[in-house]
Amino acid sequence: MKYTPKAPPPGINHNVGTKSLFGDFVKLIVGAVFSCLVLYTSVVLVMRLSLSLFEGPTLSVLAPMMQAPFLAAHANLSSKQERLQHRLERILHKLQRSLPKDTQKYTVVLVPDEETNAYAIPGGLIVFLSPLAEKAKSEEELAFVMAHELGHFAHRDHLTGLSNVAAMALLAPLGMVSEDFSRIMALTSQLSFLHHSRVQETQADVFGLTLLHEAYGSVAKGGDFLQRMEMERKGGLKLSFLSSHPVTRQRIAELQDLALKKEYSGAREFLTVRNED
Amino acid sequence: MFEIGTLLFFLVIGYGVGTYTERKHYQAIEERERNSIHLPTVTFGKRHVGDDRIHETQCVSGSVVISIDYFKRFVAGLQNIFGGTVTAYETLVDRARREAVLRMKESANGATTIVNTRIETATIGQSAGKKSAITCVEAFAYGTAIWENEKTGRS
């Protein structure tokens with residue numbers, strides 16, 4: 001048998017496909033993100049439906065657990081904070097008069113803290129952290145924040161929050177199948193949740209502005225909290241798609257547009273920053 | 001944001017460095033294959049070489065372990081979900097086998113033929129925290145090198 005050396009043609013390798021690896025990468029990423037979005041959205045919708053069917057029993061168990069730390073912190077108020085607490089209760093009472101009669105009963109508590117924020121806790125509890133109440137220059141400013149939190153209750157946003165938590169727990173075992181797919185799922189679901197959160201915040205803003213106008217007859221001082229938040233914001237890059245709230249400037253602009261469109265009293269003063277009591 | 005950033009960072013590094021390393025390796029493989037083309041490696045036995053012509057025989061082998069870059073590992077992980085040809089591993093296995101054969105040939109210095117050539121491939125090594133991800137491939141090529149009397153000039 002004679003052996004004749006023969007090199008294969010250059011540039012040809014029958015053991016390696018001709019498809020572009022980068023092209024495969026793009027197709028797989030698009031497919032994975034789409035699959036994750038469909039899966040995550042489906043699971044969240046199912047969880048939300050389930051929770052809404054069993055909202056009463058679910059909240060009767062979860063609400064006390066979620067409210068407990070805030071109620072415990074609320075127990076230790078200074079005399080100045082006690083006066084702020086009474087102020088908040090008067091504002092809540094005024095706002096509730098403008099809500100439908102069959103609305104659930106709400107409670108507001110002032111909690112000493114270092115952060116400036118307010119929360120709507122399942123079970124009808126509105127939490128004001130002390131710096132927010134102390135920095136407010138007008139009753140309408142506090143009323144807008146409170147009306148915003150009431151908007152979260154009106155839209156049952158707490159169910160969406162619980163649905164998201166339950167969905168992530170259900171999807172966690174994906175990590176055992178594929179860590180890369182699980183990582184894409186985590187990123188996709190987080191971005192999806194943040195987008196939905198921004199939509200909820202915008203809807204709560206609209207509700208808050210409308211309720212403020214109904215209860216107080218003017219929205220002139222309603223934007224003061226957002227204006228102050230924008231002025232106190234430290235510089236730096238803020239990527240809106242990574243935030244649970246819309247960019248403050250955008251919030252203010254949209255609220256003023258709404259106020260002008262609905263011809264609310266005080267709409268033109270909405271953007272003016274006030275420092276008076 | 002941090003998680004997206006680190007993922008993108010490793011993907012870019014993996015793609016860039018991995019593609020460069022692979023291209024350089026293929027260039028080296030092709031050059032060494034041209035230089036060793038005179039030494040045939042066949043899968044059949046020595047029946048075509050008469051006993052009177054054989055001066056010496058020796059079992060020769062060559063092995064290599066090649067790792068996959070992060071970009072290819074990521075793509076292969078997704079391809080394992082959706083199915084189809086795992087193109088990310090094709091070049092890895094191809095390079096490993098060809099490199100193992102070349103090392104086997106280099107260990108048979110001056111041989112006339114290498115018969116009964118076999119190649120075995122195995123996966124070794126695990127990425128931290130990833131139980132099923134392939135990170136390294138070992139290729140092992142072995143055969144019997146024959147030195148013939150006529151070609152070596154020995155009696």
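Remember, it's a predicted structure, so these values are computed and weren't measured experimentally. Side chains included, hydrogens not; waters and symmetry mates left out as well; all remaining heavy atoms used. Labels below follow one simple rule: chain letters A, B, ... track the order of the sequence lines, proteins then strands, and each chain is numbered from 1.
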Q: Step through the shown structure and confirm whether more than 12 heavy atoms of other residues, nucleotides or ligands are within 6.0 Å of CZ on B:Phe82.
A: yes
Q) Taking every heavy-atom pair that is under 4.5 Å apart, which of A:Ile184, A:Val16, A:Thr4, A:Leu191 has the most such pairs with chain B? A) A:Val16
Q: Please round to the nearest 0.5 Å and tell me the distance separating atom CD of B:Glu90 and atom OG1 of A:Thr18.
A: 9.0 Å
Q) Are more than 12 heavy atoms from other residues, nucleotides or ligands located less than 6.0 Å from atom OH of A:Tyr119? A) yes
Q) Is chain A contacted by the side chain of B:Arg98, its backbone, both, or neither, given a heavy-atom distance below 4.5 Å? A) side chain
Q) By a 4.5 Å heavy-atom criterion (distance strictly below it), what part of B:Ile37 contacts chain A: side chain, backbone, both, or neither? A) both
Q: Residue by residue, scan residues 34-44 of chain A and write down, ordered by number, those that have a heavy-atom distance under 4.5 Å to chain B; if none do, write 'none'.
A: A:Ser35
Q) When heavy-atom pairs shorter than 4.5 Å are enumerated against chain B, which of A:Asp24, A:Asn13, A:Leu187 gives the highest number? A) A:Asn13
Q.
Using 0.5 Å steps for rounding, measure from the CG atom of A:Leu21 to the OG1 atom of B:Thr19.
A. 7.5 Å
Q | Best-contacting candidate, B:Leu39, B:Thr91, B:Leu78, against chain A by heavy atom pairs under 4.5 angstrom | A | B:Leu78
Q: Please check if atom NE2 in A:His195 has more than 12 non-hydrogen atoms from other residues, nucleotides or ligands closer than 6.0 Å.
A: no
Q.
Working to the nearest 0.5 angstrom, can you tell me the gap between A:Leu28 CG and B:Asn80 CG?
A. 10.0 Å
Q: Report the relative orientation of the aromatic rings in A:Phe22 and B:Phe71; use parallel for angles under 30°, tilted for 30 to 60°, perpendicular for over 60°.
A: parallel
Q | All ring pair (Phe, Tyr, Trp, His ring centres under 6.0 Å) counterparts of B:Phe10, not counting sequence neighbours | A | B:Tyr70
**Q.** Separation between CD1 of A:Ile29 and CZ of B:Phe74, rounded to the nearest 0.5 Å
**A.** 4.0 Å
Q) Would you say B:Asn109 has more than 12 foreign heavy atoms packed within less than 6.0 Å of its CG? A) no
(Q) With a 4.5 angstrom heavy-atom cut-off, is it the side chain or the backbone of B:Glu30 that approaches chain A, or both, or neither? (A) neither
Q: Would you sort out whether B:Arg97 and A:Asn15 count as a side chain to side chain contact (heavy atoms under 4.5 Å, CB included), showing the intermediate values?
A: CA-CA 11 Å; B:Arg97 289 177 178 160; A:Asn15 296 319; over 6 Å; no
Q. Taking everything shown except B:Gln27 itself, do over 12 heavy atoms lie less than 6.0 Å from its CD?
A. yes
